[in-house]
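First up is the structure itself, then whatever we jot down about it.
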Amino acid sequence: MHGPAPKYVWLDGKYVPASKASVPITTHALHYGTAAFEGIRAYWNGSQLNIFRLKEHAARLRRSARYYEMNLEYTEEQIAEAVVGMYRKNRIRESCYIRPFCFVGEYGINMHITKEAPVRLAIMLIPASHIFDAKGISVAVSTWRKFSHMATPSQAKMSGNYLNSIVATIEARRHGADEAIMLDHAGNVCEASGENIFVVKDREVFTPPASSGALDGITADSVRSISGDLGIGVTARNVARDDLYGADEIFLTGTAAGIIPVRSVDGTKIGDGSGCVTDSIIRGYEEITMGLNDSYAHWLTAVY
Ligand code: PMP
């Protein structure tokens with residue numbers, strides 16, 4: 001994602017010029033990854049700007065913080081208001097990726113986070129561009145396993161957890177693939193470094209269960225509804241590595257990536273390339289995000 005940086009960020013309740021928004025090197029989150037973050041998308045459809053599932057993202061941010069006893073003083077409504085406010089303050093009328101994050105501020109080197117630890121909240125807007133080729137990508141199964149939910153809570157979207165995604169991405173790119181797929185500790189497929197994974201076989205769609213350690217993605221939840229509307233069932237079940245190679249279609253879902261077809265896994269071409277289930281889900285998702293499907297108007301928060 002690139003493009004001109006918006007002038008203001010939001011920090012602890014104030015709009016601050018981006019160049020002035022800095023934190024001390026003693027910030028706890030810099031040392032231990034004690035930050036929770038969200039990725040949210042807003043879509044400009046030529047006349048309106050809508051934020052997609054803002055309420056659910058604000059709720060997940062608060063939920064992530066709770067796993068680590070982080071005392072985030074802002075309610076879901078206040079977080080949502082601040083996100084909308086960032087658009088208005090920056091006078092931006094284009095699709096953006098929105099990054100709210102809360103982090104433990106100056107708290108020494110103490111590992112024991114209590115309600116007394118100072119928790120700060122920041123929000124940045126990043127003009128959106130495509131992170132992957134919408135026509136489809138290559139993926140490689142990583143030798144790095146997804147961190148276990150027995151090690152740290154996998155439903156908490158914490159900065160520190162993303163080191164796992166970073167090593168897997170480095171390895172995938174080194175081998176010429178666009179994205180990494182991580183297996184869980186039992187050897188089943190879990191998810192990609194920043195997306196959930198769905199496999200289509202004989203017009204049935206399946207996806208790894210939360211017990212694999214996959215994040216409960218908001219795009220994945222949207223896909224379940226869209227698939228239901230199309231009369232296609234989605235089942236959460238263990239996905240073996242060889243289910244990937246034998247799939248008719250595979251797609252990844254995430255806020256930043258959108259819904260992205262997978263063309264090959266470890267160099268093996270997937271299906272016959274027709275991707276008709278994936279295409280119809282992508283069309284349904286685009287209609288919703290562009291504000292063209294009234295049944296899903298409740299998923300959109302209008303900014304302008
Ligand atoms: N898994 C991981 C590890 C992610 O980082 C993301 C992106 N937030 C997802 C899945 C997809 O989640 P969502 O659809 O809520 O963006």
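Just follow the structure's listing: the first ligand is 1, and inside any ligand the first atom is 1. Quick caveat: nothing in here was measured; it's all calculated off a predicted structure.
- Tyr304 carries Arg93 over the face of its six-membered ring, with the cationic atom under 6.0 Å from the centre and within 45° of the normal.
- Near ligand 1, residues Arg60, Lys157, Tyr162, Glu191, Ser193, Gly194, Glu195, Asn196, Leu215, Gly217, Ile218, Thr219, Thr253, Gly254, Thr255 come within 4.0 angstrom through at least one heavy atom.
- Geometric assessment of Arg237 against the ring of Phe206 yields a positive cation-pi assignment under the 6.0 Å and 45° thresholds.
- Between Glu38 and Lys157, none of the side-chain N atoms (NZ, or NE/NH1/NH2) sits under 4.0 Å from a carboxylate O, so this pair counts as no salt bridge.
- A salt bridge links Asp221 and Arg53; the closest N-O separation between the charged side-chain nitrogens and carboxylate oxygens is under 4.0 Å.
- A salt bridge links Arg241 with Asp266; the closest basic N to acidic carboxylate O contact falls under 4.0 Å.
- Using a cut-off of 4.0 Å between Lys/Arg side-chain N and Asp/Glu carboxylate O, Glu76 and Arg62 are scored as not salt-bridged.
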